Amino acid sequence: MRRVYVFSLLVFVFAFAFSAQISEVKIGAGWEMTGPIAGFGQMSWDGVKLAMKLRPTVRIADKDIPVKVVLLDNKGDKAEAANVVKRLIDVEKVCAILGPCTSSCALAAGAIAEQKQVSLVTNTATNPLVTQNRRFIFRACFVDTLQGELLAKFAWEELKARNVAIMVDVAQDYVVGLANYFMRAFAKFGGTFFSEYYNTGDQDFTAQLTDALSRNPDTIFMPGYYAEIALICKQARELGFTGNFLAGDGADAPELIEIGGQFVEGLCYTTYFHQDADLSPATKPFVEAYVKEYGRRPDAFGALAFDAYNLVLDAIERAQSVDPVAVRNALAATRDFQGVAGGISYPQDSGDPIKPAVINTIKNGQFVLMTVVKP
């Protein structure tokens, strides 16, 4: 017993001495702040700014130490995402990193974070490869295997979809992956489908849509990002399509409605959060704080970035350390963390949490909750 007591006392003394040596805890953030999907990064950063205001310190050895988040812009570019992580670790000396939003950037950034053994917590990168065989990469969202299955089930049972045209952005790992998971699940229901292809930034989809409509789809599925989704909806309606629109979480941005207007009415999509969804005891207080701070409804990207920030702080406090490996081990041990977008637990040897999914639709120019699907 005396040895245990002495060891515990030494741990406390070391932690106290360590806390006295540092003036702040530095966390990195690498998001898509500019470029074709800048809306995602900007919403994420708003979530973190609110989180910092509500929880500006982390407690180590009975001392409240200020938290500083160093934000860098990856511009939605894979190479830049990797460079951002290198700078955050090598120059800024952060103990953990938040972001990126997208799977392509998270795959590139995650490779560097894994190599340098610094935890990266992405709020919304859903491709399964982001965390596969990586010990230092975590996410605050569900994965595309779940999302693809959920979308296929919703399309078959709720939309009564039987022949689906799938618009695939071949430049985005997230889009290609989600399309494949949807096709695999939809085929099991007995549905038929076909794909049309484009690249991020394209604005004219007339050729693809003309070919698609010649095959008489009852539903157009768009597992891409909001700007292209809005334009596809508009051009499809102008070409005479009267069927259903379906999308993944990449649709969840105010710019979708700003660009698409009346043409995106009725679109259904999966996402991680809605202000009216009862996801956890932390949801309502977050919504109230967000509306008070920004004067608008909270969004899924901000909500999950808010959760990612608090996940890291929770891990630091449980580890009583800012050593990156200690923070990683504490993150991996996370169980029943009450995030605003649902509880988070990491299964053994996995950075993928068990999370609920939300299905929204667009009605009268607003994002409206349809249902919550819990695991």
Side-chain angles (χ1 to χ4, degrees), residues 15 18-35 38 40-53 55-60 63-102 104-125 130 134-140 301-302 304-317 319-331 351:
F18 177 76
S19 69
Q21 293 174 5
I22 60 174
S23 58
E24 64 183 10
V25 171
K26 292 180 75 173
I27 297 171
W31 275 309
E32 297 81 341
M33 301 303 294
T34 59
F40 293 158
Q42 292 162 7
M43 289 187 290
S44 299
W45 182 233
D46 281 346
V48 168
K49 286 189 293 184
L50 177 60
M52 292 168 63
K53 183 175 181 178
R55 191 178 180 184
T57 63
V58 63
R59 196 163 185 81
I60 299 177
K63 181 179 179 181
D64 292 324
I65 301 173
V67 176
K68 178 180 180 180
V69 178
V70 181
L71 173 66
L72 297 180
D73 178 16
N74 66 36
K75 303 175 184 178
D77 179 79
K78 300 176 187 179
E80 192 64 25
N83 290 334
V84 159
V85 169
K86 289 178 184 177
R87 178 178 169 185
L88 288 171
I89 296 172
D90 295 340
V91 179
E92 300 295 342
K93 307 297 183 183
V94 301
C95 66
I97 298 169
L98 309 176
C101 296
T102 63
S104 292
C105 287
L107 283 164
I112 304 301
E114 185 73 16
Q115 177 188 356
K116 294 180 176 291
Q117 296 193 332
V118 174
S119 293
L120 181 147
V121 183
T122 171
N123 50 327
T124 54
V130 169
R134 290 177 173 175
R135 298 179 64 250
F136 283 80
I137 313 303
F138 301 84
R139 63 179 116 221
F301 287 81
L304 268 70
F306 184 97
D307 280 350
Y309 172 89
N310 283 296
L311 269 169
V312 170
L313 263 61
D314 178 69
I316 291 171
E317 289 188 343
Q320 284 292 287
S321 173
V322 291
D323 172 71
V325 174
V327 173
R328 178 267 162 202
N329 291 339
L331 275 168

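Note that this is a predicted model, so its numbers are computed, not measured.
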Checklist entry - To the nearest 0.5 Å, how far apart are CG in Asp73 and OG1 in Thr34? => result 3.5 Å
Next on the checklist: On a heavy-atom basis, which atom in Ile137 and which in Ala113 lie closest, and how many Å separate them?
Outcome noted: CD1-CB, 4.0 Å
Checklist entry - For Leu107 and Val130, what are the C-alpha separation, side-chain angles and deciding distance, and is it a side chain to side chain contact (heavy atoms under 4.5 Å, CB included)? => result CA-CA 5 Å; Leu107 283 164; Val130 169; 4.0 Å; yes
Item to check | Side chain proximity check, Trp31 to Leu98, heavy atoms < 4.5 angstrom | outcome: yes
Checklist outcome for this item: In short, Asn123 meets Ser44 closest at the heavy-atom pair ND2-OG, 2.9 Å
Checklist entry - To the nearest 0.5 Å, what is the distance between CZ (Arg55) and CG (Leu313)? => result 4.5 Å
Item to check | Worked check of side chain to side chain contact (heavy atoms under 4.5 Å, CB included) between Glu92 and Lys26 | outcome: CA-CA 8 Å; Glu92 300 295 342; Lys26 292 180 75 173; 3.0 Å; yes
Item to check | Any residue meeting salt bridge (charged side-chain N to carboxylate O under 4.0 Å, His left out) with Lys75, in chain and number order, not counting sequence neighbours | outcome: none
Checklist entry - Taking atom CZ of Arg135 and atom CG of Asn329, what is their separation to the nearest 0.5 Å? => result 6.5 Å
Item to check | Shortest non-hydrogen contact from Val58 toward Ile316 | outcome: CG2-CG2, 3.6 Å
Checklist entry - Closest approach of Trp45 and Met52, non-hydrogen atoms and distance? => result CH2-SD, 4.3 Å
Checklist entry - Judged by atom type as modelled, is there a donor-acceptor pair below 3.5 Å linking the side chain of Gln320 to the main-chain atoms of Arg59? => result yes
Checklist outcome for this item: All heavy atoms of Ala38 vs all of Met33, minimum pair found to be CB-O, 3.4 Å
Item to check | Heavy atoms from other residues, nucleotides or ligands near CZ of Arg87 exceed 12 (cutoff 6.0 Å) | outcome: no
Item to check | Interatomic distance, Glu80 atom CD to Leu72 atom CG [nearest 0.5 angstrom] | outcome: 9.0 Å
Item to check | Any donor-acceptor pair under 3.5 Å from Ser119 side chain to Ala96 backbone | outcome: no
Next on the checklist: Test side chain to side chain contact (heavy atoms under 4.5 Å, CB included) on Phe136 and Gln115; report intermediate values, then the result.
Outcome noted: CA-CA 9 Å; Phe136 283 80; Gln115 177 188 356; over 6 Å; no
Next on the checklist: Between Pro324 and Gln117, is there a side-chain heavy-atom distance shorter than 4.5 Å?
Outcome noted: no
Checklist entry - Any donor and acceptor pair, going by atom type alone, linking the side chain of Tyr309 with main-chain N or O of Leu50 inside 3.5 Å? => result no
Item to check | Positive for side-chain contact (heavy atoms from CB on, under 4.5 Å) with Ile97, one of Val312, Ile27, Ile89, Val121 | outcome: Ile89
Checklist entry - Do the side chain of Glu32 and the main chain of Asn74 share a donor and acceptor less than 3.5 angstrom apart? => result no
Checklist entry - Do Val118 and Leu88 have side-chain heavy atoms sitting under 4.5 Å apart? => result no
Checklist entry - In terms of ring plane angle, is the pair Phe40 and Phe301 parallel, tilted or perpendicular, where the classes change at 30° and 60°? => result parallel
Next on the checklist: Please evaluate residues Asp90 and Lys116 with respect to the criterion side chain to side chain contact (heavy atoms under 4.5 Å, CB included), reporting the C-alpha separation (whole Å), side-chain torsions for both, the decisive distance (0.1 Å), and the verdict.
Outcome noted: CA-CA 9 Å; Asp90 295 340; Lys116 294 180 176 291; 3.2 Å; yes
Next on the checklist: Please give me the minimum heavy-atom distance between Leu120 and Gly99, naming the atom from each residue.
Outcome noted: CD2-O, 2.9 Å
